[in-house]
Protein chains: 2
Amino acid sequence: MTATETQRGPVTAEPTHTTSVAASDLLTVPFAGAPIFTRSRALRPTSKVLPEHARSHNRALVLQTLYTAGGQSRADVARETGLTRVTVSDLVAELIAEGLVVELGPREGVRPGKPATIIDVDRAAFQILGLDLSGHEVFHGVVTALDGTILERVSLERAGATGEQAVELVESIVERLLGRATAPVLGIGVGSPGVVDPLGVVRSAPNLGWFDLPLQARLAARTELPVHVANDANVAVLAEHGATPLDDLLLIKIGHGVGAGLIVGGRPVIGGGFAAGEIGHVVVGTDGGPRCACGKDGCLEAWLAVPRLTEQLDSLAGEPAAVQAARDEILREAGRRLGIVLAPVVGALNLTEVVLSGPAELLDGPFHDATVDTLRQRTMAVLNRDLRLRMSEQAEDVVLRGAAVMVLSGQLGVS
Amino acid sequence: MTATETQRGPVTAEPTHTTSVAASDLLTVPFAGAPIFTRSRALRPTSKVLPEHARSHNRALVLQTLYTAGGQSRADVARETGLTRVTVSDLVAELIAEGLVVELGPREGVRPGKPATIIDVDRAAFQILGLDLSGHEVFHGVVTALDGTILERVSLERAGATGEQAVELVESIVERLLGRATAPVLGIGVGSPGVVDPLGVVRSAPNLGWFDLPLQARLAARTELPVHVANDANVAVLAEHGATPLDDLLLIKIGHGVGAGLIVGGRPVIGGGFAAGEIGHVVVGTDGGPRCACGKDGCLEAWLAVPRLTEQLDSLAGEPAAVQAARDEILREAGRRLGIVLAPVVGALNLTEVVLSGPAELLDGPFHDATVDTLRQRTMAVLNRDLRLRMSEQAEDVVLRGAAVMVLSGQLGVS
DNA sequence: GTTTGTTCGTAATGTTTACTAACAAACGTG
DNA sequence: CACGTTTGTTAGTAAACATTACGAACAAAC
């Protein structure tokens, strides 16, 4: 872990905040003259907070404000964040010194008062590497700008590589991407299949023959850059969260396998065994189903993984209209199955937004509609009136973009 | 909202922290000489943090430390929290001034050095009111000490009261509890059926005829005390979380209806429509099932609400051994149904601990075993090796104790 | 009995942080 | 041109925690 050697000061968890709704749920009582401390419904503080942590938080807040609505003045930022102009100026000076923020000159247009100096995140100051290892045939990598714009692409055929060979493939992609980067690299984000723990150790990715592989540490040692590794679906949901910053979001990623990424209360869900989202081998319904590679009957993956769907569709023949009808029914049935599995999750978490990621030609028609219908039929109507199920807007690049978001969030506290 | 008028200073959300595992997932990079801010995987800072917020947090940390492992010296607390002895002394002085902490004299036993002064949370300094409105026949209320010990009980027959009448019943319980309290009351916690928003407005509780009822505000206005209202199952899970402080916890509350309370990543799940845990009307399986009051077939509640189970069991007659066998099969079938619904939730969240709350005579035998078996059969074996399903240890008092925890957590940041 | 080393709690001081107050600069308006 | 407005900065203040230092109290060893 070379990268960790370079850390400054004690490494402590950073504070986060609850939503504004929860925040308003606060009462203070001057009981018996004793002002009693009040806080939101967050449980058990677990570590101390120093002034410098507070500053870090406020710094990230300023950066976030500029990131989401760039091209503002310091005074604008002050109004939006609630910090004073003085404090904002101070934080911005620090950000400018680090090259993350730039002054863009005076504001256009005519207004009374001293003209404002527009500042913005320098989206060209740093670049990010994003890797997607979830492809069965190909590993993808990109160089992005700070705003997630994809600048360069590198894809390498996996050619069945597993174990150490697959790691070397990853390292090779990283090397090539680094070669193509035209600005300092902020960090490397990797979306890997399988179970990945918070330290970036791939606990288990059978397809790649990886078990307890310290991928994060290896890449960090080799590049001396910050590296973040997480499960591909968990990474993908970050990309969608970046687009629609809701508090709760479920992304279903359908490809060679089926996985999910989940954000609850504005925070990614990891899972007790770091395997949150691994729903591919949950059994669907009570009427059997296709035999799965894992040995069980009726696993979600056995129902609707892409190979299974295409196989079914390819076997169709005959009258075009009849083929079309059969095709629709196959997809509808798969969509229903997804709805059956999701219903308890949507109900238990009271989710409002579910995103589908995968081949649009398979998912964006009868499949999608059947999933929605099934979800509505199987959950409480009143509660899920405003449930939305939509296709991912990022198409093939969800994981890549999510990997960039992961780095952005991890390094700068911004997304 | 009389209570809110008395609040001191700006009310802002308090910082919380991620787990120690996630905290270690931090890297800092002195890239190009620029120390880049680093934080955990929490997204989007939403509000500023002032020094006083940091102090509040640390104050709660000290209190929490004393609460969970009381009878320590200031130096002990300093070591455990990472704060210095000086800071701890300062915070403790504040807590002592407010009556929350007391000195208990010098430590027993022989050790070198100056003998420590033992301090502890004064568990008798304040009391808490807890209310459970989830009973179909009876509303329960208790007075508890700060540690959750139940000191007094008040129960009133509901006698079918709904709407305003039911509210008056609640107010009556509160009045009586206040009369029996023998110490200043820290606050009032209420577990209500139905959908409750974070401001304590009961959005919808059909059984009680409550719709958009601002219960929290009404009780706060009447008592001038801090009041916290939440869904009964969501409250109940707090009680269990108090007992086993895991990061993820699911509680299934089976009574007249079926509901769930969920803690993910150490924080209670609210849900986009404030209806998290409302799984009673999720359809189970794909083979129909009993007709539910809501009109659907095979709702979870139709399968395993207590009235439905007892009705089935009561109808049994004949040979004792045969009755016993039939009884076991009925319970097993119900348990299986619960397992079917929970499997996707357990899988998606990678839960390690699920708690059953309800009549032990129904749930603690074949029902429990069938649920576990079904869960294991329907989820990925490897991932859920260490899944535990256990009965609640709090029996009838889960909601009441949880209500107390809610107040404790909301007012003092402790649980 | 004395010395030594340890531990506890407190004082005093310094650093960091963000706030308030005040102000100069730059601009439109009457 | 005087005046009000807005911006960004400077100066000073208050809060919070760390560091350093110290007296008090005790155990253990001599």
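Throughout, protein chains are lettered first and strands after them, A, B, ... in sequence-line order, and every chain is numbered starting at 1. Side chains are part of it too, since the values below use all heavy atoms of this structure and drop only hydrogens, waters and symmetry mates.
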Sorted by chain and number, sequence neighbours left out, side-chain hydrogen bond (donor to acceptor under 3.5 Å, both in side chains) with Thr68(B) holds for none
Between CD of Glu52(A) and C1' of dC17(D) the distance, given in whole Å, is 10 Å
The complete set of salt bridge (Lys or Arg N to Asp or Glu O under 4.0 Å) pairs with one or both residues in residues 68-78 of chain B, sequence neighbours excluded, reads Arg74(B)-Glu103(B), Asp76(B)-Arg79(B), Asp76(B)-Arg107(B)
In whole angstroms, the gap separating C1' of dG9(C) from CD1 of Ile118(B) amounts to 13 Å
Taken in chain and number order and not counting sequence neighbours, the residues that satisfy side chain to side chain contact (heavy atoms under 4.5 Å, CB included) with Ala93(A) are none
Smallest heavy-atom separation, His57(A) atom then Ser47(B) atom, equals NE2-O, 2.8 Å
Residues at least two apart in sequence or cross-chain that pass side-chain hydrogen bond (donor to acceptor under 3.5 Å, both in side chains) with Glu80(A), listed by chain then number, are none
Between CG of Leu61(A) and C1' of dA18(C) the distance, given in whole Å, is 13 Å
Here the distance between atom C1' of dT6(D) and atom CG of Asp76(A), to the nearest Å, is 11 Å
Check the phosphate of dA16(D) against Asn58(B), side-chain N and O only, distance under 4.0 Å to OP1 or OP2. Yes or no? no
Arg79(A) atom CZ is separated from dG8(D) atom P, nearest whole Å, by 9 Å
In whole angstroms, the gap separating P of dT17(C) from CZ of Arg59(A) amounts to 11 Å
Rounded to 10°, the helix from dG1(C)-dC30(D) to dG30(C)-dC1(D) deviates from straight, judged by its five-pair end axes, by 10°
Contacts of Arg55(A) and Arg74(B) projected onto DNA chain C by closest heavy atom; the upstream (5') one is Arg74(B)
With B for base contact, S for sugar-phosphate-only contact and - for none (protein heavy atoms under 4.0 Å), nucleotides 18-27 of chain D reads SBB--BBBBS
Across all chains, not counting sequence neighbours, the salt bridge (charged side-chain N to carboxylate O under 4.0 Å, His left out) partners of Arg123(B) are Asp120(B)
What residues 88-95 of chain B contributes to the DNA chain D interface at heavy-atom separation below 4.0 Å is none
Checklist entry - Within a strict 4.5 Å, meaning less than it, do heavy atoms of the Leu412(A) and Phe126(A) side chains meet? => result no
By side-chain hydrogen bond (donor to acceptor under 3.5 Å, both in side chains), Thr87(B) pairs with (sequence neighbours left out) Thr84(B)
Taken in chain and number order and not counting sequence neighbours, the residues that satisfy side chain to side chain contact (heavy atoms under 4.5 Å, CB included) with Ala125(B) are Asp122(B)
Those residues at least two apart in sequence (or on a different chain) that pass side-chain hydrogen bond (donor to acceptor under 3.5 Å, both in side chains) with Gln72(B) are none
Residues passing the side chain to side chain contact (heavy atoms under 4.5 Å, CB included) test with Val237(B), sequence neighbours excluded, are Leu249(B), Leu251(B), Ile263(B)
Phosphate OP1/OP2 of dG8(D) contacted by Ser73(A) side-chain N/O (<4.0 Å) | yes
Between NE2 of His57(A) and P of dA16(D) the distance, given in whole Å, is 18 Å
